[in-house]
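Proteins get letters first, then strands, A, B, ... in listed order; numbering begins at 1 in each.
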Amino acid sequence: MPELPEVEYVARQLRATLISRRIVGVEVRWERTIAGATPAQFAAAVVGRSVTGVGRRAKYLLLTLDDGALLIIHRRMSGNLLLWAAGEPEPLYLRVAFTLDDGRRLAYTDPRKFGRIALVAPGGEPPAALAALGPEPLEDEFTAAALQARLAGRRGAIKATLLDQRVVAGLGNIYADEALFRARIHPLRPAGSLSPEEVARLREGIRGALETGIAHGGTTFGRHRDIYDEAGINLEFVEVYRRTGQPCPRCGAQIERIVVAQRGTHFCPHCQPCDPSSLREREEKG
DNA sequence: TAAATCCTGTCA
DNA sequence: TGACAGGATTTA
């Protein structure tokens, strides 16, 4: 799925185009995309409402409606939100279409059908998964100390821990690999074993990787598109993700691929050693 | 902690 | 044909 940068980029685009637009129609092509309601219930709750806010939490896109309801959209692996102008051909893999009061439509497309759109009624409780999310890594609250506290005592691999949305919100497979490379930390290191210096580097690596991704419209190697159907260009700036066998941009060693927590994991075996003392020794030698 | 599940498309 | 893909939840 799109990770934090891809969701954030699209949230900013939607904020610029959707605020104050009224939803005048909804068409559901794949019922299971709508979570917790029938298509008829969903349409009844949404049609006639206008959009008053567009936000993001972790990888969730949040649309607030003028009656206080909340639309929660998670694109999972292959979902996209596309602005669909009147007269244009229907986008491929259309699952849900919202017709707006200016004649355009907002299309939710999703070949793999993993994505979900949920509605929280006015005054209702957001899903438990949202409440359990960890801190937003780009907010001020995400300090090295806060990260250290969340990693303390955890024996699982740091790569797997970074993918746990309750630890840090919004990282996925691309940016977890990129953050660990920036921090020069091996993906299999036990999360609780990182030194304070390593945690501080990791915090910087996470923020840097995410900010770089947002600045480039996200990483597209397959499906991710913005609302104008444009691919993000961050793949050009990625340092290890999907670069197996290619030279490390820092030292020239070959990037390796291993599997951690059932996810492909890319790292530089020279810059991200299993044993951090070897890295310290090399740094001391210059 | 790990696998199965939800799905389809693409590439080797 | 089989492996793999940006994710998260449920089950074992």
Side-chain angles (χ1 to χ4, degrees), chain A residues 1-11 29-36 56-61 72-82 91-96 108-118 126-134 137 153-181 187-188 190-192 206 209-210 212-214 216-226 230-245 257-266:
Chain A
M1 107 152 225
E3 306 180 31
L4 187 154
E6 291 74 34
V7 180
E8 176 63 26
Y9 190 78
V10 163
R29 295 278 184 87
W30 183 255
E31 292 196 11
R32 296 179 68 172
T33 297
I34 306 299
R56 178 194 59 76
R57 175 79 170 102
K59 305 170 194 173
Y60 296 88
L61 185 69
I72 304 175
I73 303 173
H74 199 305
R75 295 155 62 195
R76 293 280 181 99
M77 295 290 267
S78 61
N80 278 314
L81 287 157
L82 303 173
L92 290 173
Y93 311 112
L94 180 66
R95 305 306 178 203
V96 180
Y108 178 72
T109 67
D110 190 357
R112 291 181 72 178
K113 302 173 176 171
F114 286 171
R116 292 292 179 265
I117 301 176
L130 265 174
L133 289 168
R154 298 188 67 122
R155 291 198 247 175
I158 184 63
K159 165 70 186 282
T161 305
L162 290 179
L163 295 177
D164 186 337
Q165 302 298 297
R166 297 166 302 183
V167 175
V168 186
L171 285 176
N173 211 33
I174 299 174
Y175 297 98
D177 281 3
E178 293 300 304
L180 288 169
F181 173 76
L188 289 176
I206 291 169
L210 294 174
T212 299
I214 296 170
H216 296 130
T219 305
T220 299
F221 66 81
R223 296 282 176 190
H224 163 69
R225 296 290 188 280
D226 70 13
E230 297 286 336
I233 62 167
N234 196 55
L235 194 60
E236 297 171 35
F237 300 88
V238 147
E239 295 182 292
V240 289
Y241 182 73
R242 286 204 150 203
R243 297 192 67 245
T244 312
R257 179 185 185 277
I258 58 175
V259 174
V260 180
Q262 292 93 239
R263 314 299 302 278
T265 296
H266 314 77

Asker: With the threshold set at 4.0 Å, does a side-chain nitrogen-carboxylate oxygen contact exist between A/Arg75 and A/Asp110?
Answerer: no
Asker: Describe the nucleic acid contact of A/Gln165 in one word from base, sugar-phosphate, nothing, applying a heavy-atom distance below 4.0 Å.
Answerer: sugar-phosphate
Asker: Name the nucleic acid region contacted by A/Ala129, choosing base, sugar-phosphate or nothing; use a 4.0 angstrom heavy-atom cut-off, strictly under.
Answerer: sugar-phosphate
Asker: Can you check the A/Arg166 CZ to C/dT10 P distance for me, whole Å?
Answerer: 12 Å
Asker: So what does A/Arg116 hit on the nucleic acid, given a heavy-atom distance under 4.0 Å: a base, only sugar-phosphate, or nothing?
Answerer: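 Here A/Arg116 touches no strand at all.
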Asker: May I ask you to test the A/Arg32-A/Lys113 pair for a side-chain heavy-atom distance under 4.5 Å?
Answerer: no
Asker: Using atom P of each nucleotide, how far apart are B/dC7 and C/dT11 to the nearest Å?
Answerer: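 Each nucleotide's P atom is 15 Å from the other's.
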Asker: Considering heavy-atom distances to DNA chain B, does A/Lys113 or A/Arg155 have its closest nucleotide positioned more toward the 5' end?
Answerer: A/Arg155
Asker: So among A/Asn234, A/Leu162, A/Thr212, A/Ile206, which one has a side chain to side chain contact (heavy atoms under 4.5 Å, CB included) with A/Tyr175?
Answerer: A/Asn234
Asker: Roughly, in whole Å, what's the span from CG in A/Leu4 to C1' in C/dG7?
Answerer: 14 Å
Asker: To the nearest Å, give me how far apart CD1 (A/Ile174) and P (C/dA5) are.
Answerer: 11 Å
Asker: Indicate whether OP1 or OP2 belonging to C/dA8 is found under 4.0 Å from a side-chain N or O atom of A/His74.
Answerer: yes
Asker: Rounding to an integer number of Å, can you tell me how far A/Arg223 CZ sits from B/dT8 C1'?
Answerer: 8 Å
Asker: Heavy atoms only, 4.0 Å cut-off, all strands: where does A/Arg95 land among base, sugar-phosphate and nothing?
Answerer: nothing
Asker: Can you find a pair of side-chain heavy atoms, one from A/Thr109 and one from A/Leu92, that are under 4.5 Å apart?
Answerer: no
Asker: What integer distance in Å separates A/Glu31:CD from B/dC6:P?
Answerer: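 Taking atom P of B/dC6 as the reference, CD of A/Glu31 is at 17 Å.
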Asker: Tell me which nucleotide among B/dC7, B/dT8, C/dA8 gets nearest to the side chain of A/Arg32.
Answerer: B/dC7
Asker: Can you check whether A/Asn173 reaches A/Tyr241 side chain to side chain, under 4.5 Å on heavy atoms?
Answerer: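 The answer is yes; the side chains approach within 4.5 Å.
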Asker: Go nucleotide by nucleotide along DNA chain C from the 5' end; which of A/Val259 and A/Asn173 gets its closest nucleotide reached first?
Answerer: A/Val259
Asker: Please tell me if A/Arg257 has a side-chain N or O lying less than 4.0 Å from either OP1 or OP2 of C/dA5.
Answerer: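 For A/Arg257, the contact criterion (side-chain N or O under 4.0 Å from OP1 or OP2 of C/dA5) is met.
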Asker: With centres under 5.5 Å and planes under 30° as the test, does A/Phe114 stack with B/dC7?
Answerer: no
Asker: Please answer whether the main-chain N or O of A/Gly217 pairs with a side-chain N or O of A/His224 as donor and acceptor at a distance below 3.5 Å.
Answerer: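 Flag set: sc A/His224 to bb A/Gly217 pair under 3.5 Å.
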Asker: Roughly how many Å apart are B/dA4 and C/dC4, using the P atom of each and rounding to a whole number?
Answerer: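 My reading of the P atoms in C/dC4 and B/dA4 gives 14 Å.
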Asker: Name the nucleic acid region contacted by A/Phe221, choosing base, sugar-phosphate or nothing; use a 4.0 angstrom heavy-atom cut-off, strictly under.
Answerer: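 Since a base atom lies under 4.0 Å of A/Phe221, the category is base.
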Asker: Whole-Å distance between C/dA8 P and A/Glu3 CD?
Answerer: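 In whole Å, C/dA8 P and A/Glu3 CD are 9 Å from each other.
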Asker: Starting at atom CD1 of A/Ile72, determine the distance to atom C1' of C/dA8, rounded to an integer number of angstrom.
Answerer: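 Taking CD1 of A/Ile72 and C1' of C/dA8, I get 15 Å after rounding.
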Asker: Identify the nucleotide, in any strand shown, that forms a Watson-Crick or G-U wobble pair with B/dT5, with both distances under 3.5 Å; if there is none, say none.
Answerer: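 Result: C/dA8.
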Asker: Please state the C1' separation for the pair C/dT1 and B/dT5 - nearest whole angstrom.
Answerer: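 One C1' to the other, the span is 22 Å.
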Asker: Using a cut-off of less than 4.0 Å, is there contact between a side-chain N or O of A/Tyr60 and OP1 or OP2 of C/dA8?
Answerer: no
Asker: Look at the side chain of A/Arg112 against the base of C/dA5 and say whether a donor-acceptor pair falls under 3.5 Å; ignore hydrogens and angles.
Answerer: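 For A/Arg112, whose side chain was compared with the base of C/dA5, there is a donor-acceptor pair (under 3.5 Å).
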Asker: Could you tell me how far B/dT1 sits from C/dA5 if I compare only their C1' atoms? Round to whole Å.
Answerer: 22 Å
Asker: Taking any heavy-atom pair under 4.0 Å as a contact, classify A/Gly172: base, sugar-phosphate, or nothing.
Answerer: sugar-phosphate
Asker: Using whole Å, report how far CD of A/Gln262 lies from C1' of B/dT5.
Answerer: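 The answer, rounded to whole Å, is 13 Å.
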Asker: Side chains of A/Leu210 and A/Leu171: does their closest heavy-atom pair fall under 4.5 Å?
Answerer: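 In contact.
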